[in-house]
Every structure is written in C-alpha cells, then in structure tokens.
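Because only heavy atoms are used, hydrogens play no part in the values below, and waters and symmetry mates are left out as well, while side chains stay in. Letters go in sequence order (proteins before strands), and every chain restarts at 1.
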Amino acid sequence: MILTGFGDEVSLKHLIKAQKRLVQSASYKSLERSPNLIAGIDVAYTRDGLFGVAGIVVMKFPELQVVEEVVEKQRVCFPYIPGFLSFREAPLMIKAFRKLKHKPDLLFVDGQGTAHPRKAGIAVHLGVILKIPTIGCAKKPLLKSFSMPEDLKGAAKPIFLEKEQVGWVLRTKKGVKPVFVSPGNLITLEETLDYTLKTTTKYRLPEPIRLAHQLCSQVKKY
DNA sequence: GCGACAG
DNA sequence: ATCTTGTCGC
C-alpha cells in the first residue's frame with residue numbers, strides 16, 4: 001500500500017489498472033498538423049522535498065524563440081516509485097499547463113513515453129489527459145533492451161519491449177551520453193526522432209526541456 | 001530470492 | 001530529484 005498526501009492509501013494493483021486505462025486511450029498516428037508552438041515541461045523539488053515546482057516553456061517552431069513561460073508550485077503528495085512517476089508529477093504539471101495562454105502543438109516531457117514496462121510513461125499520461133501530442137525525453141533508461149548508437153550526432157538505436165520497438169536511444173550531441181526518447185501520444189516513433197533532433201541545438205537536451213528544467217530549477221531555489 | 005529502478 | 005567545486009577533456 002502507498003500513503004498519499006491526502007492521508008489515504010492506494011495499492012500498486014490499482015495504479016497498474018489506471019495505467020492500463022491511460023494506455024488504451026493513447027494513439028500513435030502521425031501528427032495532424034505541423035507544430036507552430038512546441039513546449040517543454042519539467043518539475044524540480046525544494047531541498048526539504050516538501051514542494052514541487054513545475055515549469056513550462058513554450059517556443060515558436062522552428063525558430064525556437066520563447067513565447068511564454070509558466071510555473072506552478074504545490075506540496076508533494078505522492079512518493080517517487082520507479083514505473084509510477086506520473087502519479088507524483090502529472091497532477092502538478094497539468095495544473096501548470098492550465099495557466100498557459102498559448103497551448104503548444106507538441107509537448108516534450110522530462111521522462112519516458114512508451115519506453116516503459118507497461119508503455120505508461122509520464123509523457124503518455126500527460127498526452128492522454130491533455131489530449132495533445134507529447135514526446136518523452138529521459139536522461140536515463142527504464143527499459144534495458146537496446147544497443148548503444150555510434151558517437152555521432154543523430155545516431156540512434158531502437159529500444160525494445162518484447163520484440164516491439166517502443167523508443168530510441170538517441171545521440172543528440174557528439175561525445176555526450178545519449179537521451180532516451182519515445183512517443184507519449186498522438187505522434188509516431190519516426191516523428192519523435194525527427195522533432196527531438198529539430199529542437200536540439202548545442203546542448204544534450206532539446207531546447208524546450210532544457211529551458212523548462214532551468215526555469216523550475218531556478219524558481220524552486222530558496 | 002537478488003538486483004535494478006524515469007524523476 | 002537533491003546535497004555541491006573544481007577539474008579533466010574535446
């Protein structure tokens with residue numbers, strides 16, 4: 001059983017059922033329209049671990065110029081459990097998303113999409129709830145079935161879940177560790193690779209995510 | 001049973 | 001995730 005910040009408890013079985021419902025609502029067809037606005041979202045925590053701060057940065061695409069930034073702070077009310085990250089961070093992220101004046105056509109989420117044991121990464125959860133295209137971009141893998149891509153920007157290798165490809169290990173910069181990208185909702189594996197590269201400039205992470213991380217990380221400081 | 005384990 | 005400065009290498 002898991003204790004939440006509301007004083008109640010939930011079982012892992014219940015959470016797994018919730019993930020299965022979310023996964024059934026996800027779709028992986030091609031993007032309906034080319035994006036004009038792309039955003040990145042991330043969460044940072046205060047030192048005492050009591051509060052979480054979500055940050056979203058919306059950028060014009062393909063220019064990558066910042067159009068809007070929002071942050072939302074809230075008390076943490078769910079523990080971090082590998083495989084169930086979205087139950088801890090999605091509520092706060094959704095609350096921050098509601099404050100946006102400019103809704104993005106594509107959202108990069110800091111974490112996995114379908115490259116997850118049950119294809120239920122946080123990018124899937126957010127994409128289904130918000131009903132928008134999302135891409136999960138993580139700094140570390142959850143699934144281990146993949147080989148390393150060569151050390152060249154753009155090199156990629158598939159990530160598998162039971163023989164089925166669910167994501168990519170992508171080298172976004174030469175001489176730097178790769179990132180782990182996978183579709184969250186309303187986007188294909190090919191487009192996931194394409195847009196991740198199109199939004200990555202001189203750093204390891206795609207600009208929307210890099211700036212969102214910078215934003216919430218700065219705001220949570222005290 | 002043991003080890004691994006997004007943020 | 002968070003606590004933290006300098007330092008090695010391209």
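Using a 4.0 Å cut-off, no side-chain N or O of A:K140 falls inside it from OP1 or OP2 of B:dA4. In this model, the phosphate group of B:dG7 is not approached by any side-chain N or O of A:Y45 to a distance below 4.0 Å at OP1 or OP2. Taking 4.0 angstrom as the limit, A:R47 places none of its side-chain polar atoms (N or O) nearer than this to OP1 or OP2 of C:dT2. Using a 4.0 Å cut-off, no side-chain N or O of A:R118 falls inside it from OP1 or OP2 of B:dA6. Side-chain N/O atoms of A:K221 include none lying less than 4.0 angstrom from OP1 or OP2 on C:dT2. OP1 or OP2 of C:dA1 has at least one side-chain nitrogen or oxygen of A:K139 nearer than 4.0 Å.
Rounded to whole angstrom, the span from the CG atom of A:L15 across to the C1' atom of B:dA6 amounts to 16 Å. Put simply, CD on A:Q218 is 14 Å from P on C:dT2, counting in whole angstrom units. Between A:L205 atom CG and B:dG7 atom C1' there is a gap of 13 Å when expressed in whole angstrom units. One atom, CD1 of A:I81, and another, P of B:dA4, lie 19 Å apart when rounded to the nearest Å. Between the CG atom of A:L142 and the C1' atom of B:dA4 there is a distance of 10 Å, rounded to whole Å. Protein atom CG of A:L152 is 16 Å distant from nucleotide atom P of C:dC10, rounded to whole Å. Spacing between atom CZ of A:F84 and atom P of C:dA1 amounts to 20 Å, rounded to whole angstrom units. Summarising the geometry, the separation between CZ on A:F87 and P on B:dG7 is reported as 18 Å, rounded to the nearest angstrom.
For the atom pair CG (A:L193) and CG (A:L170), the distance works out to 5.5 Å, reported to the nearest 0.5 Å. The line from CE of A:M93 to CD1 of A:I41 is 4.5 Å long, rounded to the nearest 0.5 Å.
By the 6.0 Å and 45° rule, A:K157 does not stack over the aromatic ring of A:F146.
Using a 4.0 Å heavy-atom criterion, one finds that A:K144 contacts the sugar-phosphate atoms exclusively. Within the 4.0 angstrom heavy-atom criterion, only backbone atoms of the sugar-phosphate kind lie near A:D42; the bases stay farther away. Heavy atoms of A:K173 sit nowhere under 4.0 angstrom from any nucleic acid atom. A:G49 comes within 4.0 angstrom of nothing in the nucleic acid, heavy atoms only. At a threshold of 4.0 angstrom between heavy atoms, the contacts of A:G175 with the nucleic acid are absent.
Of the listed nucleotides (B:dG7, B:dC5, B:dA6), B:dG7 has the atom at the smallest distance from the side chain of A:R88. Distances from the side chain of A:E89 to the nucleotides B:dG7, C:dT2, B:dC5 place B:dG7 closest. Taking the side chain of A:A44 as heavy atoms from C-beta on, and the options C:dT2, B:dG7, B:dA6, the nearest nucleotide is C:dT2.
In this structure, A:F180 does not pack face-to-face on the six-membered ring of B:dA6, missing the 5.5 Å centre cutoff or the 30° plane limit.
No side-chain donor from either of A:Y28 and A:E191 sits under 3.5 Å from a side-chain acceptor of the other.
Between A:K174 and A:S217, the residue anchored closer to the 5' end of DNA chain C is A:S217, taking for each the nucleotide with the nearest heavy atom.
Using a 4.0 Å cut-off between a side-chain N of Lys or Arg and a carboxylate O of Asp or Glu, A:K101 and A:E68 do not qualify as a salt bridge.
Using cut-offs of 30° and 60° for the angle between ring planes, the A:F87 and A:F78 rings count as tilted.
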